[in-house]
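All residue numbers refer to positions in the sequence shown, counting from 1. Just so you know, ligand 1 is whichever comes first in the structure, and atom 1 is the first atom listed for that ligand.
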Amino acid sequence: MSKIRFNALKEVFKREPKKVEVPERLSRLFNENVFSEYIMQEYLTSSAYKYIVAAKNKGEKIPREIADQVAAAMKDWALSKGATHYTHWFQPLTGSTAEKHDAFFNTIGGGKAIEQFNGSLLVQQEPDASSFPNGGIRNTFEARGYTAWDPTSDAFVIDTTLCIPSVFISYTGETLDYKTPLLRALQAVDEAATEVARYFDRNVSKVQSTLGWEQEYFLVDSALFNTRPDLQLTGRTLLGHSPAKGQQLEDHYFGSIPLRIIRFMQELEVECMKLGIPIKTRHNEVAPNQFECAPIFEEANQAVDHNSLLMDLMTRVARRHNFKVLLHEKPFSGVNGSGKHNNWSLSTDAGENLLSPGKNPKKNLQFLTFFINTIKAVHDYGDVLRSAIASASNDHRLGANEAPPAIISVFIGSQLTSVLDELEKVKKGKLSPDEKTDLKLNIVGKIPEILLDNTDRNRTSPFAFTGNKFEFRAVGSSANCAEAMMVINTIVAHQLKLFKAEVDALIEKGLKKDEAIFNVLRDYIKTSRNILFEGDGYSQDWEKEAAKRKLSNLKTTPEALQIELQPKFMDVFVSNSVLSKVEIEARNEIKLEKYSTLIDIEAQVLADLARNHIIPTAIRYQNKLIENVQGLKDIFGEKEFKSIAKEQIDLIKTISEKISKIKVGVDQLLAEKEKSHAIEHSNKRAHAFANNVKPFFDLIRDDVDDLEMMVDDEIWPLTKYRELLFTK
Ligand code: ADP
Ligand code: MG
């Protein structure tokens with residue numbers, strides 16, 4: 001075995017599970033390091049506290065003197081937690097989180113120093129923004145953007161730093177982060193959904209969007225990880241033969257979790273608790289060394305922050321256990337990839353879930369209203385949902401027979417389908433008293449018992465109704481959920497506004513409220529039929545059927561991203577004040593740039609590995625074979641040796657062929673990469689990377705993976721899949 005592989009494995013075998021201190025009750029740690037409402041009540045005057053609550057719930061502004069008070073309280077609390085620094089914590093479009101730490105420490109003259117923090121530092125800061133992507137909004141040399149406190153998400157202490165959740169905006173007013181458009185979309189859906197909810201309950205004054213994410217990930221020992229340049233540089237393996245024992249047995253899913261991994265999970269959970277991330281579930285996933293965790297759902301903005309924080313925490317905690325967390329959507333070819341299911345719903349200020357059927361027909365009509373409007377929104381705007389989840393890494397997963405297809409459809413289950421069928425038959429216009437009674441008793445009245453028995457779950461659907469929420473399953477494991485949440489909430493807000501206008505118009509014409517609602521919903525069912533699909537989303541038949549229905553099947557990121565620039569899709573964001581045209585274009589540019597850069601890096605890493613690791617190894621092995629054949633010839637003579645050494649001679653030939661194919665493939669790959677790289681126009685460049693560069697990856701890989709099976713294991717330089725996935 002190559003020395004590097006051998007030493008890494010030796011290290012892994014010596015590992016002991018790290019001891020983790022888990023308190024008797026995890027709940028006691030909950031929010032320990034969070035400046036929560038509970039803590040605020042203790043540290044703030046009651047009037048200041050009221051301002052914060054109003055800012056959280058109603059988006060009201062916080063006056064400067066109150067900000068000063070909050071800053072002083074935050075500082076005192078943070079110091080009590082051992083913090084020495086503070087930072088505006090934000091989510092730039094790079095995909096990770098960013099922070100620049102400043103010390104509370106300040107000199108005050110006379111040789112003295114104290115800890116200081118005030119309202120203006122709390123409210124706004126100016127990081128050096130030149131290193132964050134801006135899609136051409138600002139010239140880098142005028143690198144001026146600012147971060148501003150988001151009081152709707154709680155501040156927290158990590159290690160010795162007070163982190164203040166913030167938005168990130170350019171001085172010209174454009175958003176440069178994930179959070180700002182999300183907050184705008186949440187406001188749009190609040191306004192639109194509140195209006196509609198008030199048809200059913202006059203007391204509703206606010207609707208918030210809820211999110212419960214489920215995060216999948218792989219763990220790989222860090223010593224093994226460090227032997228794989230492809231994992232280190234691209235987050236996925238570009239080479240590697242599938243292990244003999246792959247996923248076929250699927251025994252991992254049900255198996256017990258190994259102790260070393262349990263310890264990691266325990267420490268992660270402890271850290272999550274302290275930071276207020278309400279983590280609830282942990283389990284094995286389908287693939288070897290693949291796992292999942294999920295929290296109790298929360299208000300969407302808070303949940304998004306918590307997911308970003310979790311991804312960060314996972315990386316830190318893993319390091320202490322000598323693991324590397326792989327958040328990439330497809331780290332291993334031929335092995336299940338990772339996603340991040342986004343469970344989404346809407347809930348009133350009274351805590352009522354608007355996608356949950358209620359106890360009486362009125363509540364059920366409310367449920368149907370939000371349910372059908374969501375379906376209509378996805379019908380009309382499914383393509384932007386697709387583009388919201390587009391990335392180079394997620395392309396490996398969507399439509400790869402393990403994750404939802406790239407075609408967006410909605411699964412609602414057979415029973416709700418039949419409810420919609422019945423509703424569609426309701427006659428247009430006014431209803432007789434008998435018809436109304438029938439509708440209430442036999443259609444709307446039946447819903448609760450149906451949903452409790454929501455057994456027919458469809459794992460192949462990208463957007464599924466699961467009893468009291470929709471589950472958007474196509475989101476990538478490494479993605480920031482904000483993007484998907486921003487889109488869902490915007491298109492639903494848009495749809496609810498249209499709905500309200502249509503219902504009001506019918507009421508004007510003399511229809512009763514219920515009749516008007518039934519009429520509009522019935523029309524929506526008719527026009528949205530196409531998006532409903534209950535069958536196997538992985539099947540070829542569905543691709544054909546979807547094409548007949550004229551549903552998009554956008555297989556690559558560059559294709560999906562073109563959608564964002566179409567007027568219809570731009571309008572939905574612009575008219576709901578979520579993103580401006582300039583922002584949409586800039587973000588689109590950033591995503592394309594990110595895509596091209598990633599494929600570019602992958603091409604370079606693959607070429608380097610093939611040239612510096614694989615080809616030299618294959619030649620070495622070939623030489624060994626040649627020496628051996630030569631020896632046989634010396635012993636047995638010209639005639640006899642040919643039959644004796646036949647297999648070896650064939651092997652030498654095959655290896656030669658593979659080497660030259662790899663060599664030619666790599667040359668072509670690099671040539672295409674250079675050509676693509678030189679293309680000025682970002683969309684054309686991304687398309688070139690997708691269509692001309694990427695296809696070489698698999699071609700080269702196939703030959704390399706064949707060589708892996710031929711060449712002596714002793715000298716194979718790269719840690720193998722079986723070692724990466726099965727070494728515990
Ligand atoms: P599973 O999908 O594994 O069967 P559940 O259906 O119980 O599990 O929930 C999965 C996720 O959905 C959890 O993260 C949970 O918090 C979230 N969830 C449940 N109800 C809602 C809701 N009303 N809004 C948003 N997320 C929710
Ligand atoms: Mg789920």
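- Panel note: side chain Asn342, backbone Phe472; no donor-acceptor pair is recorded below 3.5 Å.
- Side-chain polar atoms of Asp395 and Thr557 form a donor-acceptor pair below 3.5 angstrom.
- In this model, a donor atom of one side chain and an acceptor atom of the other lie less than 3.5 Å apart for Asp150 and Asn301.
- Listed by number with element, the atoms of ligand 1 under 4.0 Å from a non-hydrogen atom of Lys469 are 5 (P), 6 (O), 9 (O), 12 (O), 18 (N), 19 (C), 20 (N), 21 (C), 27 (C).
- Residue Lys280 does not touch ligand 1, judged by heavy-atom distances below 4.0 Å.
- Considering both main-chain and side-chain atoms, Ala294 never comes within under 3.5 Å of ligand 1 through any nitrogen or oxygen pair.
- Put simply, part of Asn353 is less than 4.0 Å from ligand 1, judged by heavy atoms.
- Looking only at atom types and distance, the side chain of Glu292 has no donor-acceptor partner in the side chain of Thr281 under 3.5 Å away.
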Run the side-chain contact (heavy atoms from CB on, under 4.5 Å) check on Asp305 and Gln91 step by step: do they pass? CA-CA 9 Å; Asp305 281 359; Gln91 298 165 56; 2.7 Å; yes
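- Close approach to Ile296 involves these atoms of ligand 1, each under 4.0 Å from a residue heavy atom: 16 (O).
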